[in-house]
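Reading through the structure tokens given below for one structure.
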Amino acid sequence: MLAAIKRGTRIVCDEIADPVPGEGQVLVRTRACGICGSDLHALHHAETVARLYRAGGVENVIDPEADCVFGHEFSAEILDFGPKAARRFKPGTLVTSVPRVADQSGAHVVGYSSRFPGGYAERMLLTEELLLEVPNGLSAVEAALTEPFAVGEHAVAAADLADAGGAVVVGCGPVGLAVIAALKARGFGPVVAADFAPGRRALAEAMGADQVVDPASDSPHTRWQDFGVPATRAERARIIADGGKPGRPLIFECVGVPGVIQAIADAAPAKPQIVVVGVCMESDRFDPGISIAKEAEYRFVLGYSADEFAATLRNIAEGRIRAAQIVTREIGIQGVADAFADLAAPGAEAKVMIVPGAG
Ligand SMILES: [Zn+2]
């Protein structure tokens, strides 16, 4: 079968052996698969990705020296079952799944495994138990967006929305857009989204952001006063003493580069909830004093639960999240190497979707 393979620090398009399903596994045909920022990073820093997964308790991680077929944001069609399968779905059924597949050695991350190919290949093995049937006639591309949008659902679930007087989302790449979508799917507002790229600001608006800000000319934090969020702890104490209930600032860090957490701490009003969703894979430094003075509360989050994944699929299928809007391009497997080169320079692209057989 055809696959776009990580070989060293290059993406090459080549034929590889068709996978054969073992016990509990299902052979599927990839219908759509998103290119993730983590994939771009893993091409050059596979050992960092491996370290991150190991820290999260996943043992079978990518071998930086071996070939790897990326792709953890996918939808697929059932082709065949391994031995002793329950055969819950008919061949041809469109499914999606959290990117995990198990064998005798335990769980593997589909898309960061040197043993199991991910969605950059024409076929994959998945675990039958984890499959979700795609409902409501949702397209393969929309269903493949469940994974990146589930990241937003998880981040929002980590926040205390009842206390928040509004939310600022810093960074409107796929992660920030997923956070905006999850906030708006719950009817939460106001949501202020900030990004330097005009294309990404337009997508933030399409996801339902109430206000969008270009940080080059305006700070998203100038709006807090309008939302009834006091700037200082003293002001907050005064409002409470007068019997009021001031909202807290809620800020999502969705950039993932060094310096952003400190910049948020510097700009935030008192008592901020800061949810760090952007995956920064380098060392960063920050000044604890500022966060202490403001009594900042930090949550660092990664991934999603199986329930959050399923809830996200329902949100997309029932129109609460209009996921397809973030897809800026569809390509075939042959186009992956070029797409990686384009995505390396942040620009107008948001989600590039591989549709095997297209392009
Ligand atoms: Zn991803």
Side-chain angles (χ1 to χ4, degrees), residues 145-195 200-213 215 218-231 236 239 244-255 260 264 267-278 294 296-305 307-326 350:
L145 291 164
T146 304
E147 204 276 351
F149 276 96
V151 170
E153 176 65 25
H154 182 67
V156 169
D160 185 349
L161 296 185
D163 264 7
V168 162
V169 178
V170 179
C172 301
V175 170
L177 294 173
V179 167
I180 296 165
L183 287 167
K184 298 316 292 186
R186 289 168 193 228
F188 181 86
V191 174
V192 182
D195 199 292
R200 289 179 163 194
R201 290 200 298 275
L203 287 171
E205 241 167 6
M207 287 297 118
D210 300 290
Q211 300 179 26
V212 296
V213 166
D218 191 6
S219 163
H221 299 286
T222 57
R223 319 291 165 102
W224 288 116
Q225 229 82 341
D226 304 342
F227 306 157
V229 176
R236 167 174 290 276
I239 294 170
K245 192 180 177 299
R248 289 180 64 193
L250 169 60
I251 303 159
F252 293 89
E253 194 287 285
C254 303
V255 180
V260 178
I264 288 173
K271 288 275 198 183
Q273 295 187 60
I274 299 169
V275 183
V276 180
V277 207
K294 295 184 179 181
E297 184 187 330
Y298 287 94
R299 294 290 306 267
F300 290 79
V301 297
L302 180 70
Y304 37 77
S305 68
D307 286 347
E308 287 160 351
F309 190 92
T312 303
L313 178 60
R314 280 195 302 276
N315 276 341
I316 296 172
E318 291 165 14
R320 283 185 293 278
I321 293 178
R322 289 175 298 153
Q325 299 183 85
I326 75 163

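Computed from a predicted model, the values in this text were never measured in an experiment. Along the sequence shown, residues are numbered consecutively beginning with 1.
Heavy atoms from other residues, nucleotides or ligands lying under 6.0 Å from CZ of Arg201 number more than 12.
With sequence neighbours left out, Ala324 forms a side-chain contact (heavy atoms from CB on, under 4.5 Å) with Glu142. Ala159 meets the side-chain contact (heavy atoms from CB on, under 4.5 Å) test with Leu161, Leu250, Phe252, Gln273, Val275; sequence neighbours excluded.
Atoms NE2 and OG1, from His154 and Thr312 in turn, are 11.0 Å apart once rounded to the nearest 0.5 Å. Remark: Ile321 CD1 to Leu177 CG distance equals 11.5 Å, nearest 0.5 Å. For the atom pair CD1 (Ile239) and CZ (Arg236), the distance works out to 7.5 Å, reported to the nearest 0.5 Å. One distance of note links CG of Asp226 with CD of Gln211; it measures 7.5 Å at 0.5 Å rounding. Atom CG of Asp210 is separated from atom CD of Glu205 by 10.0 Å, given to the nearest 0.5 angstrom.
Considering all non-hydrogen atoms of both residues, Pro174 and Arg200 come closest at CD-NH2, 4.4 Å. Minimum interatomic distance between Ala178 and Pro148 (heavy atoms only, all atoms of both residues): CB-O, 3.4 Å. Closest of all the heavy-atom pairs between Pro269 and Trp224 is CG-CD1, 3.3 Å. Closest non-hydrogen pair, Ala193 versus Ala209, comes out as CB-CB, 3.9 Å. Minimum interatomic distance between Val260 and Val170 (heavy atoms only, all atoms of both residues): CG1-CG1, 4.3 Å. Minimum interatomic distance between Glu147 and Phe309 (heavy atoms only, all atoms of both residues): CA-CE1, 3.7 Å.
At least one side-chain heavy atom of Met207 sits less than 4.5 Å from a side-chain heavy atom of Ile326. The shortest side-chain heavy-atom distance between Cys172 and Ile180 falls under the 4.5 Å cut-off. You'll find the side chain of Val168 stays beyond 4.5 Å of the side chain of Arg223, heavy atoms only. Taking 4.5 Å as the limit, some side-chain heavy atom of Asp163 sits within range of a side-chain heavy atom of Lys245.
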Could you go through the side chain to side chain contact (heavy atoms under 4.5 Å, CB included) check for Lys271 and Val229 one step at a time?
-> CA-CA 10 Å; Lys271 288 275 198 183; Val229 176; over 6 Å; no
Let me see the working for Glu153 and Asn315 under side chain to side chain contact (heavy atoms under 4.5 Å, CB included), right down to the final yes or no.
-> CA-CA 10 Å; Glu153 176 65 25; Asn315 276 341; 4.0 Å; yes
Let me see the working for Val192 and Phe227 under side chain to side chain contact (heavy atoms under 4.5 Å, CB included), right down to the final yes or no.
-> CA-CA 11 Å; Val192 182; Phe227 306 157; 3.6 Å; yes
Passes side chain to side chain contact (heavy atoms under 4.5 Å, CB included), Ile264 versus Tyr298? Steps please.
-> CA-CA 11 Å; Ile264 288 173; Tyr298 287 94; over 6 Å; no
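Side-chain N or O atoms of Arg320 include none that pairs as donor or acceptor with a backbone N or O of Ala185 at under 3.5 Å. Side chain of Arg299 to main chain of Ala158: a donor-acceptor pair is present (N/O by atom type, distance under 3.5 Å, no hydrogens or angles).
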